[in-house]
Amino acid sequence: RREKMVAYRKLASMKEYVLVHQKAALVEIHRRESNGAWLIELCRSAEMIRLHSMPGGMLELAVDDLYEGLDLSLLVKETEEEYQLVRSAT
């Protein structure tokens, strides 16, 4: 994961990339700001994902739609502390 993140951030044309977690209803949006800094937005169940770099304008999608048909109670709950590590690595 770390190697891909570094490689993606080196691409001048990369504006956003999305990680959809398989063990929790959680989506990470990595977004390059106009000043070149990368920000991470975490979206959870009952929240909306907003992708700004899509052709034709912004794409909005509910996190819950990505996990439709899955029994989320079976997913392992991951802690906020683990995601703090992700944020600090950027």
Side-chain angles (χ1 to χ4, degrees):
R1 171 185 158 132
R2 174 103 175 114
E3 294 82 16
K4 286 183 181 180
M5 179 175 59
V6 170
Y8 290 152
R9 289 180 175 200
K10 288 181 180 178
L11 296 171
S13 62
M14 181 67 70
K15 293 183 172 95
E16 294 177 307
Y17 67 95
V18 178
L19 298 173
V20 179
H21 288 257
Q22 64 184 23
K23 294 181 180 179
L26 180 68
V27 175
E28 290 179 36
I29 302 171
H30 295 248
R31 183 174 291 123
R32 186 189 318 254
E33 297 294 305
S34 59
N35 65 2
W38 283 90
L39 297 179
I40 300 173
E41 179 181 352
L42 299 178
C43 300
R44 295 174 178 80
S45 183
E47 295 181 345
M48 295 296 290
I49 300 165
R50 290 175 182 86
L51 301 177
H52 303 278
S53 62
M54 299 300 292
M58 184 170 61
L59 171 69
E60 290 187 326
L61 179 68
V63 171
D64 293 335
D65 288 345
L66 295 175
Y67 295 92
E68 186 177 345
L70 297 177
D71 184 355
L72 294 181
S73 67
L74 299 176
L75 297 177
V76 177
K77 300 297 179 191
E78 298 187 34
T79 65
E80 181 65 28
E81 291 80 24
E82 291 170 341
Y83 296 109
Q84 290 292 359
L85 294 174
V86 171
R87 287 188 194 137
S88 66
T90 59

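All heavy atoms count here, side chains included; hydrogens, waters and symmetry mates do not. Each residue takes its place number in the sequence, starting with 1.
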Legend entry - Heavy-atom neighbours of E68 CD exceed 12 at 6.0 Å: no

Legend entry - NE2 on H30 to CD1 on I40, rounded to 0.5 Å: 4.5 Å

Inset, instruction - Could you pull out all residues at least two apart from M14 that satisfy side chain to side chain contact (heavy atoms under 4.5 Å, CB included)? - result: Y8, L11, Y17, R32, W38

Inset, instruction - Taking all heavy atoms of Y67 and all of V20, pick out the closest pair and write down the distance. - result: OH-CG1, 3.4 Å

Legend entry - Rounded distance (nearest 0.5 Å) linking atom CD1 of I29 with atom CG of L39: 11.5 Å

Legend entry - Residue pair C43 / M48: nearest heavy atoms and the distance that separates them: SG-O, 3.7 Å

Legend entry - Trace of the side chain to side chain contact (heavy atoms under 4.5 Å, CB included) decision for L66 with I49: CA-CA 10 Å; L66 295 175; I49 300 165; 3.5 Å; yes

Inset, instruction - Check for a donor-acceptor pair, side chain of D64 on one end and backbone N or O of S45 on the other, with a separation under 3.5 Å. - result: no

Inset, instruction - Please identify each residue that fulfils side-chain hydrogen bond (donor to acceptor under 3.5 Å, both in side chains) with R31, with sequence neighbours left out. - result: E16, E41

Legend entry - salt bridge (charged side-chain N to carboxylate O under 4.0 Å, His left out) partners for E60, two or more places apart: R50

Inset, instruction - Report the distance from atom CG of L42 to atom NE2 of H21, rounding to the nearest 0.5 Å. - result: 7.0 Å

